[in-house]
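Reckoned from all heavy atoms, side chains included, excluding hydrogens, waters and symmetry mates. Residue numbers run from 1 in the order of the sequence given.
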Amino acid sequence: MNTVTQKLTRLKIFTAVSFILTAALGTACHFAFDFFGESRLIAPFVPVNESTWEHLKLLFFPFLLLLVIGCFAGIAGGNAPISNRSLKKMFLSCYWDGAAFGELCGMAAVVVLFYGINGILGFNLDWVNIAIYFIAVLYAHYTFYRYACLPYYNTFSYHKPHRPVPLILPVFVLVFVTFLFMLFTFYPPHIGLFSDPQNGSYGLSASLFTRYSYPSRMTALWSEASRVVCSIV
């Protein structure tokens, strides 16, 4: 197996492992805000309510974390099987092109599928929403791989080499989307995408509204236990 084939195999393995870990981390992040006592320190990175926008964090941040790890691990082309500096830069650019485009396509898939399918059904089904999430994560990784592998197929074949966009552009897109998640966690627009369907609140106010307007599960259990004890006494 030559060096090019080995590097491409590493990219395939990384993409598959990243898909599994992104799905797992995203699922865990769904419960992180409550688990950490609704801390504002983690609020920008995990869902703080049940709005569609907040649930996009379940895809964006776990995938971004793994992409950064992959970059430092040499998957992005830092250890590309070439000595030409410009070609190494192309490998790196294609990696982050795929990262940015994959993130955007995955999040777009969540929005389109969620509103499309649930709009047709007229109601929400949990298993459908879960399936939408996994389909979106898979689509994000497929898109990422299609861009990241281009240098391997084009540079070392008879095809015209792929010319990626300047590296600064996909990095800017990822940083800008991260900024939007942080901003809209605390100051969300009052439109349907950001509305918590359970109580109609927005951003962090939704979790606070839930906390102070409705009894938590533990409070409800405690109240029920107290009522039973009092009735016995």
Side-chain angles (χ1 to χ4, degrees), residues 14 16-70 72 99 102-103 106-107 109-111 113-114 118 124-141 174-190 192-228:
F14 169 77
V17 172
S18 177
F19 165 71
I20 296 171
L21 292 181
T22 298
L25 288 173
T27 302
C29 285
H30 187 274
F31 309 99
F33 190 57
D34 289 332
F35 181 81
F36 288 100
E38 300 191 359
S39 171
R40 287 175 174 262
L41 293 177
I42 67 167
F45 308 104
V46 298
V48 299
N49 61 41
E50 295 300 321
S51 69
T52 304
W53 172 262
E54 288 295 319
H55 280 71
L56 296 179
K57 295 176 182 178
L58 300 180
L59 187 156
F60 183 82
F61 287 112
F63 190 19
L64 181 60
L65 173 63
L66 291 165
L67 287 168
V68 172
I69 293 174
F72 282 104
E103 291 272 30
M107 292 190 295
V110 170
V111 175
L113 291 175
F114 176 78
N118 289 300
N124 288 331
L125 293 174
D126 288 339
W127 69 267
V128 172
N129 295 334
I130 294 172
I132 289 173
Y133 171 70
F134 283 102
I135 291 172
V137 173
L138 180 61
Y139 182 48
H141 282 79
L174 294 172
V175 171
F176 182 67
V177 174
T178 300
F179 168 75
L180 290 181
F181 276 121
M182 294 181 175
L183 177 65
F184 292 153
T185 295
F186 300 98
Y187 304 102
H190 283 209
L193 181 66
F194 301 87
S195 176
D196 187 326
Q198 295 184 351
N199 51 48
S201 297
Y202 298 86
L204 275 175
S205 62
S207 61
L208 296 175
F209 181 85
T210 302
R211 177 191 290 181
Y212 293 113
S213 299
Y214 299 96
S216 66
R217 182 175 298 179
M218 292 303 296
T219 302
L221 291 174
W222 176 257
S223 299
E224 182 64 20
S226 299
R227 186 187 65 79
V228 172

Q. Once you round to the nearest 0.5 Å, how far does CD1 of I69 lie from CG of L64?
A. 10.0 Å
**Q.** Distance, nearest 0.5 Å, that separates CZ of F184 from CH2 of W53
**A.** 6.0 Å
Q: Indicate the atoms forming the closest heavy-atom contact of L67 with A99, along with that distance.
A: CD1-CB, 3.4 Å
**Q.** Heavy-atom pair of closest approach, residues P188 and G203
**A.** CG-N, 3.5 Å
Q: Any chance you could measure F33, atom CZ, to T185, atom OG1, to the nearest 0.5 Å?
A: 9.0 Å
Q: Kindly give the heavy-atom pair with the smallest separation between K57 and P62, and that separation in Å.
A: O-CD, 3.3 Å
Q: Evaluate whether atom CZ of F186 has more than 12 neighbouring non-hydrogen atoms of other residues, nucleotides or ligands under 6.0 angstrom away.
A: yes
Q) What distance do C29 atom SG and L59 atom CG have between them, rounded to the nearest 0.5 Å? A) 11.0 Å
Q: Decide yes or no for L65 and L21: does some side-chain heavy atom of the first lie under 4.5 Å from some side-chain heavy atom of the second?
A: no
Q.
For Y139 versus A109, what's the shortest heavy-atom pair and its separation?
A. CD2-CB, 4.0 Å
Q | S18 to L66 - nearest heavy-atom pair and separation | A | O-CD1, 3.6 Å
Q. Heavy atoms, side chains only, cut-off 4.5 Å: are V110 and H55 in contact?
A. no
Q.
Quick check: do L174 and F60 have side-chain heavy atoms less than 4.5 Å from each other?
A. yes
Q.
Counting C-beta onward and ignoring hydrogens, is there a side-chain heavy-atom pair between Y202 and S51 closer than 4.5 Å?
A. no
Q.
I'd like to check H30 versus E50 (side-chain heavy atoms, cut-off strictly below 4.5 Å). Are they in contact?
A. yes
**Q.** Spacing of NE2 belonging to H190 relative to OG belonging to S201, to within rounding of 0.5 Å
**A.** 8.5 Å
(Q) For the OG1 atom of T27 and the CZ atom of F31, what is their distance to the nearest 0.5 Å? (A) 7.5 Å
**Q.** Closest heavy-atom pair and its distance - T22, F63
**A.** OG1-CA, 3.7 Å
Q | Aromatic ring pairing H141/F19, orientation class (parallel under 30°, perpendicular over 60°, tilted between) | A | perpendicular
Q | side chain to side chain contact (heavy atoms under 4.5 Å, CB included) between V111 and L56, worked out | A | CA-CA 9 Å; V111 175; L56 296 179; 4.3 Å; yes
(Q) Under the side-chain contact (heavy atoms from CB on, under 4.5 Å) test against E54, which residue among N49, D196, V46 passes? (A) N49
Q: Tell me, with the steps shown, if N118 and N129 meet side chain to side chain contact (heavy atoms under 4.5 Å, CB included).
A: CA-CA 9 Å; N118 289 300; N129 295 334; 3.3 Å; yes
